[in-house]
Structure formats: structure tokens, C-alpha cells
Amino acid sequence: MWRAARSAASTLRRTRRFSTAIPAPSIVHKRGADILHDPWFNKDTGFPMTERDRLGLRGLLPPRVISFEQQYERFMESFHSLEKNTEGQPDSVVSLAKWRILNRLHDRNETLYYRVLIDNIKDFAPIIYTPTVGLVCQNYSGLFRRPRGMYFSAKDKGEMMSMIFNWPSAQVDMIVLTDGSRILGLGDLGVQGIGIPIGKLDMYVAAAGINPQRVLPVMLDVGTNNQKLLEDPLYLGLRQPRLEGEEYLSIVDEFVEAVHARWPKAVVQFEDFQAKWAFETLDRYRKKFCMFNDDIQGTAGVALAGLLGTVRAQGRPLTDFANQKIVVVGAGSAGLGVLKMALQAVSRMAGPSADPHFFLLDKNGLITKHRKDIDPAALPFAKAHHEIEGLGLQEGAGLLEVVKKVKPHVLLGLSGVGGIFHEEVLRAMRESDSVRPAIFAMSNPTNNAECCPVDAFKLAGENIVFASGSPFENVDLGNAKIGHVNQANNMYLFPGIGLGALLSGARNISDTMLEAAAECLASYMSDDEIKRGILYPSINDIRDITAEVGAAVLRAAVAEDLAEGHGDVGARELQNMSKEESIEYVRSNMWYPVYGPLVHD
Ligand SMILES: NC(=O)c1ccc[n+]([C@@H]2O[C@H](COP(=O)([O-])OP(=O)(O)OC[C@H]3O[C@@H](n4cnc5c(N)ncnc54)[C@H](O)[C@@H]3O)[C@@H](O)[C@H]2O)c1
Ligand SMILES: O=C(O)C[C@H](O)C(=O)O
Ligand SMILES: [Mg+2]
């Protein structure tokens with residue numbers, strides 16, 4: 001007992017030592033101009049004189065040393081002038097201009113870049129992440145100046161094991177991987193989808209404090225079926241149709257093996273794969289490696305936390321979740337992931353014989369057991385005839401008819417189809433059986449949202465709870481009332497899932513770890529906030545919520561005996577941590593951008 005307490009305390013002391021104000025020196029293997037051209041180490045005009053001497057930088061910079069704070073202010077001033085100078089220009093022009101100025105800083109000086117990102121996350125997340133990242137991907141071949149991350153293509157078959165050693169960083173902790181086949185709601189963008197792993201990993205650094213030297217964005221280019229890109233002479237990816245079947249899987253297998261050969265403890269997040277490959281690869285690798293699929297699993301946890309919040313917002317006990325009528329529009333990787341996790345939650349609350357009231361629609365309408373060639377993954381949610389005949393519904397019923405007849409508590413969109421919750425659908429939600437109907441328009445980016453919040457509050461009623469996947473402004477309802485817009489985006493969970501898995505040294509990422517993440521997010525909000533329709537924390541608190549989620553995931557890994565430890569914190573030490581100690585352990589392992597001393601080896 002005594003040994004256990006002492007061991008946990010020593011872990012804390014050790015981890016705290018790394019989070020003191022003066023950071024530990026970093027070893028740099030370069031000298032002179034090579035350092036100035038390396039964004040990991042570059043401090044621009046911020047190199048102190050002693051360091052300029054030590055690293056062969058004297059004379060390569062103007063003589064004045066500018067402090068980190070001054071550099072920060074200077075960047076923010078240029079950002080604000082850009083905002084002023086682009087006033088009145090089309091949104092896409094302004095967004096891309098903002099993305100460019102941030103990207104240039106990212107290319108030059110990572111420490112400053114991440115500090116401005118962390119301090120201004122509410123304003124900058126919509127630029128480096130959703131929705132602007134979508135626009136960046138659409139225009140990637142034209143915007144391309146410098147590579148970021150790694151590109152593995154179908155032409156690299158047989159070479160990946162050696163290619164992985166081309167990455168300059170000795171240690172990699174987090175990898176986000178895409179094949180570009182379903183980028184947000186924008187479809188197949190081929191190699192241009194690399195913007196998504198880059199944006200997700202920026203969120204890992206900002207929210208989870210993963211050291212940017214230890215992240216790796218990856219594009220697996222197996223071709224594209226996007227005709228426009230195939231015909232574009234400037235398209236940067238393979239100009240061939242996508243590989244399919246075994247040929248496709250052999251490429252993913254080779255990449256996954258190469259990664260684990262070099263960095264066996266790296267956590268791999270699969271992102272924006274088309275549904276068939278999203279499910280297949282999750283099934284193929286989740287028991288073997290520490291990986292997860294963000295669109296299926298991260299989204300599910302965020303949606304579940306929001307759905308539990310809506311039950312609280314109705315003033316009902318959480319167990320009433322089992323009685324909620326939920327219409328999900330979109331039966332792809334995200335929609336099915338949400339329903340699977342919701343079903344698990346209902347089963348925990350009401351027992352395995354629970355009979356949830358879920359209705360699932362895809363582009364062919366309501367999915368029933370009579371559907372020809374039904375996707376096996378949708379089968380558990382397909383309605384049997386006897387379940388819907390009383391409502392006068394049948395196979396393929398349209399969205400409006402379903403909403404009118406079911407009178408759902410929740411209408412949740414993950415269809416990728418902008419505006420599909422049109423005026424009549426939203427008006428029909430006024431007849432919902434809930435005192436506080438919920439509308440979740442979760443598709444991204446902005447134009448693909450199933451509806452906008454202004455229409456939702458106007459047409460479905462001011463008492464609704466509203467969430468969207470992309471950020472929108474709150475709605476002014478008049479009389480000093482605000483219609484709160486929640487951002488139901490997996491960014492609230494994936495950084496914590498990855499961080500908790502990493503710091504526990506989890507062998508793999510289990511359903512229990514994912515449930516722990518969702519429960520942690522769900523319980524983060526106070527009753528007062530929930531009553532005001534606020535389901536998720538402010539993005540300004542993303543580091544705090546990520547620390548809590550990361551620790552919850554870590555504790556779940558420990559409880560399931562999946563945690564092997566991380567660095568010099570062993571499995572035994574993790575087991576002996578209290579809840580508070582686990583949160584402190586996670587927090588103290590978060591990287592924070594400051595200029596630390598550089599030492600040449
Ligand atoms: N907010 C978030 O955190 C989050 C997370 C993941 C995905 N998403 C968004 O969800 C959307 C879907 O992602 P996905 O991975 O499930 O895509 P997907 O391609 O796997 O699935 C899309 C589904 O929508 C259905 N659909 C298409 N048109 C429809 C229509 N007119 N009516 C009803 N259903 C229709 C399709 O049949 C399919 O079942 C994308 O826009 C994505 O950006 C958001
Ligand atoms: O990328 C996002 O903003 C969320 C999600 O992963 C998506 O694919 O839309
Ligand atoms: Mg995604």
C-alpha cells in the first residue's frame with residue numbers, strides 16, 4: 001500500500017519536473033542556416049546572443065533580439081491587418097488568405113505557430129481545421145508550396161518499410177492517415193485530402209499537447225475516382241482510378257506494418273475513408289494495433305455525449321435515453337458508428353433486450369429489413385414491418401414523412417447533404433414528442449450542413465437544442481434570448497482518445513475506452529449549462545476537456561488490463577494512480593510551445 005502511494009507520487013514528481021517554466025534543452029543536430037530553415041527549431045529573430053554563438057548563427061540574423069511575446073504581437077498585428085484588408089471580399093477568399101498566413105508561419109516557426117494557435121483556438125480552429133481545411137483540400141494542388149507529412153502511393157508497393165525511415169523524426173507518437181476517398185462531405189479528393197490529417201494533427205498539438213515533432217500526417221494515394229482531378233494537369237496525385245479489393249488492402253497492410261516496425265507504440269487514427277474501407281480496416285487492425293477510426297468511433301462518442309445532454313435538457317433522467325425516438329439521416333461510417341454506440345448505451349441502461357426507437361435513413365429513404373442488398377452494417381438498425389406499420393411507414397419512406405409520423409425527439413444528420421433538413425422538415429419538428437426537440441446537423445463543411453441554425457430556431461421553434469458539425473454563430477432570438485449553437489464535432493474526443501491511448505501505452509483501443517471518453521465528455525457540462533442548451537464545452541477549454549478525456553481513456557485501458565505503460569511510467573504505476581493523479585499525469589505530459597534552450601550535440 002505504502003509502496004503504491006510512493007510510486008504514484010514519484011511519477012507525479014517526475015512528470016512535473018518536465019512542465020516547469022524553463023523547459024529542458026533540446027538537442028539539435030544542425031548548425032547555422034540549417035537551423036533557421038528548420039521550423040521545429042527556428043526562433044527567427046528570437047535566438048539569444050549566446051545561442052547564436054553556440055549554434056553558428058551570429059551574422060545570419062539582424063542584430064536585435066526580439067522576444068517571443070514581441071514576435072507573437074507582431075504576428076497577431078499582421079493577422080488583424082489582413083482581416084481588415086480583406087473585408088468585404090468573398091468568404092472563400094478571406095478564409096484562404098487567413099489559412100495562407102497561418103500556414104506560412106507553420107512552415108517557418110512551429111513554436112510561434114502553435115502558441116498563436118493555442119491562444120486563439122476559437123478563431124483559428126475554423127481556419128486550420130473545419131471548415132476552411134475543406135476548401136484547402138479542394139484547392140490543394142494549386143496551393144501546394146512545401147510538402148508536409150508523408151505520401152505513400154500505390155507505386156511504392158514493396159518500398160514502404162524503407163520509406164518510413166525517410167521521416168526525419170526519431171520518435172512518432174500520433175499518425176493520422178487518410179486515403180482521401182471521403183473528405184468531409186466533399187467526396188473523393190484523392191491526394192489533396194492530405195489537408196485533413198494535417199488539420200487533425202494540428203488539433204492534436206493544440207488540444208492534446210502532443211509534441212509537434214512527434215506527429216505524422218499521412219496520405220495513402222491509391223488513385224482517385226474524381227474525374228475532374230484525373231483530368232487536371234496540375235493534380236499532384238496518381239492519375240489512375242482507385243485500387244480496389246485485395247490490391248487496395250495490400251497497400252494499407254504494407255503501410256501499417258511499416259509504421260509499426262519503426263514506431264511500435266504509435267497511435268494511428270484512420271480518417272475520412274469511404275465507408276466500406278473505414279469499416280473493413282477498423283475490423284482488420286483494431287485488435288492488432290493501437291488504432292481507431294475517428295469518423296466511426298470519435299464521432300459516435302461526441303454524438304452520444306450530445307444526445308445524453310439533450311435528455312438532461314428535457315429535464316429527464318439519463319435512463320430516459322432508452323425511450324428517445326432518434327431519426328438518423330445518413331447510414332455511412334458516421335451515422336452507423338453513432339447508432340452502434342447509442343445502442344450499446346441503451347443496452348447498458350435497459351438491458352440487452354432493450355428495444356431502442358432508432359430510425360435510419362440513407363439516400364434511398366427509411367431502411368427496413370425489406371431493403372434489397374442491405375448493407376450488413378445497417379441491418380441491426382433496419383426496421384421490421386411490425387415496428388413501423390402502426391406508424392404507416394414503409395421501406396424507403398422519405399425524410400419528411402418519417403419526421404411527421406415518428407415525431408422524433410432527435411433529428412440527427414450525417415448525410416453530407418447540405419440543406420436536406422429543409423423548411424417543411426424543420427416545421428414538422430414542431431410536432432416532436434419532446435418538450436425540447438434536438439436538431440443535430442452534423443455534416444461538414446458549412447455548406448454541407450443539413451440546415452443552418454438560423455432556420456432551425458426560426459422554423460422548428462426557439463425551444464430546440466441545436467448542434468452542427470461546423471462552427472456557426474449563436475442565434476439572436478430577440479428579447480435578450482440566445483439560441484445556442486453547439487459544435488458537435490469529433491474534435492472534442494479524438495485528441496483525448498489518442499492521448500489517453502498513447503500515455504497508457506494501450507495495446508489497442510477498446511469499446512470500453514471509447515465509452516469512457518464519451519461519458520467523460522457527457523458529464524463535463526453542468527446542469528445549468530445543459531438547461532441553457534449548451535451541450536459541449538467552449539473550444540477555448542479544449543485542452544482542459546482533452547486532459548479529462550485522455551485520463552478517462554487511460555483509466556479504462558488500465559482497468560481492462562490493456563495498458564502497458566509509456567516511457568518510464570510503467571503499467572504498475574498507472575494502476576496505482578488515483579483519478580486526480582491520472583489527470584495530473586496527462587496534463588503534465590502535454591507539450592506547450594515556449595522557446596527552450598537549444599544545444600548542439
Ligand atoms: N460532426 C462530425 O464530427 C462528423 C464526423 C464524421 C462525419 N461527419 C460528416 O458526416 C457526413 C457523412 O460522413 P460519412 O463518413 O458517414 O459519409 P458516408 O459517405 O459514409 O455516408 C453518407 C450517408 O449519407 C447517405 N445519404 C446521401 N444522400 C442522402 C440523402 N439525400 N438522404 C439521406 N441520406 C443520404 C448515404 O446513403 C450514406 O449512407 C460528412 O459530411 C462528414 O463530414 C461529421
Ligand atoms: O473533420 C471534421 O471536422 C469532422 C469529421 O471528421 C468529418 O469527417 O467531417
Ligand atoms: Mg473525418
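Each ligand, and each atom within it, is numbered from 1 in the order the structure gives.
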What do the steps show when you test Phe457 against Ile464 for side chain to side chain contact (heavy atoms under 4.5 Å, CB included), and what is the final call?
CA-CA 7 Å; Phe457 282 102; Ile464 61 163; 3.7 Å; yes
For atom 9 (O) of ligand 2, what is the closest protein heavy atom, and at what distance to 0.1 Å?
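The closest one turns out to be Asn444 ND2, 2.8 Å.
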Which atom, among the N/O/S set of [X], is closest to the Mg ion (ligand 3)?
| X | value |
| --- | --- |
| Glu271 | OE2 |
| Asp272 | OD1 |
| Asp295 | OD1 |

Distance-only donor-acceptor check, side chains Asn444 and Thr130, under 3.5 Å:
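Distance-only check fails for Asn444 and Thr130.
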Could you tell me, atom by atom, which parts of ligand 1 come under 4.0 Å of a heavy atom of [X]?
| X | answer |
| --- | --- |
| Gly469 | 1 (N) |
| Gly332 | 16 (O), 18 (P), 20 (O), 21 (O), 23 (C), 38 (C), 39 (O) |
| Ala275 | 20 (O) |

What part of [X] sits under 4.0 Å from ligand 2 if we count only heavy atoms: the side chain, the backbone, both or neither?
| X | result |
| --- | --- |
| Asn489 | side chain |
| Asp272 | side chain |
| Met203 | neither |
| Thr299 | neither |

Per atom 23 (C) of ligand 1, closest listed option by heavy atom (Ala441, Ala303, Ala331)
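Closest candidate by heavy-atom distance is Ala331.
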Just go through Glu271, Lys363, Arg182, Met442 and tell me whose heavy atom is the nearest to atom 36 (C) of ligand 1.
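Going through Glu271, Lys363, Arg182, Met442 one by one, Lys363 has the nearest heavy atom to atom 36 (C) of ligand 1.
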Report, in ascending order of atom number, the atoms of ligand 2 lying under 4.0 Å from any heavy atom of Arg182.
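So the answer, numbered in order with elements, is 8 (O).
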Applying ring pair (Phe, Tyr, Trp, His ring centres under 6.0 Å), run through Phe124 and Phe79 and close with a yes or a no.
CA-CA 11 Å; Phe124 288 174; Phe79 187 83; 4.7 Å; yes
Aromatic ring proximity, centroids under 6.0 angstrom, [Y] and [X]:
| X | Y | result |
| --- | --- | --- |
| Tyr536 | Tyr524 | no |
| His260 | Phe289 | yes |
| Phe279 | Phe273 | no |

Is it the side chain (CB and beyond), the backbone, both or neither of Ala488 that lies under 4.0 Å from ligand 1, heavy atoms counted?
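Contact part for Ala488 vs ligand 1: backbone (N, CA, C, O).
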Applying a strict 4.0 Å limit to heavy atoms, is Asn489 in contact with ligand 1?
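Yes, that is the case, since the closest heavy atom of the residue is under 4.0 Å from the ligand.
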Heavy atom of [X], distance to ligand 2 below 4.0 Å:
| X | answer |
| --- | --- |
| Lys200 | yes |
| Glu271 | yes |
| Tyr129 | yes |

